[in-house]
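Working notes, beginning with the structure itself.
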Amino acid sequence: MPTTESLLERARMFEERADRAADPITRQHYRQMAAHYRALSVEHAHAGREIETAH
């Protein structure tokens with residue numbers, strides 16, 4: 001299972017790729033992937049807090 005930190009690292013990786021992309025379609029795709037991984041990291045962190053409070 002991925003950690004919140006690893007999901008954020010993937011988001012950073014896609015942002016870097018977007019910065020280096022030559023064409024706008026690829027740049028937009030990488031930015032969308034980065035946003036997706038940031039959203040997953042938030043959900044992952046939130047789910048972890050819910051599990052901790054349930055115990």
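As the structure is a prediction and not an experimental result, all values here were calculated from the model. In what follows, every heavy atom counts, from backbone to side chain, and hydrogens, waters and symmetry copies are set aside. We count residues from 1, following the sequence as given.
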Any side-chain heavy-atom pair of Thr3 and Glu9 under 4.5 Å: no
When rounded to the nearest 0.5 Å, the distance separating CE of Met33 from CZ of Arg17 is 9.0 Å
Any ion pair linking Glu15 and Arg20 (charged N to carboxylate O, less than 4.0 Å)? no
In short, Ala11 meets Arg38 closest at the heavy-atom pair CB-CG, 3.7 Å
Residues Thr4 and Ser41: closest non-hydrogen pair is CG2-O, 3.7 Å
Heavy atoms of Arg27 and Ala18 approach each other most closely as CG-O, 3.3 Å
**Prompt:** Is the side chain of His44 donor-acceptor paired with the backbone N or O of Leu7 at a distance under 3.5 Å, no angle test?
**Reply:** no
Q: Quick one: sort the Tyr30 and Phe14 rings into parallel, tilted or perpendicular, breaks at 30° and 60°.
A: tilted
| task | Please examine the side chains of Glu43 and Leu40, heavy atoms only from C-beta on, and report whether any two atoms are closer than 4.5 Å. | result | yes
Is Arg10 reaching over with its side chain to a backbone N or O of Tyr37, donor-acceptor style, under 3.5 angstrom? no
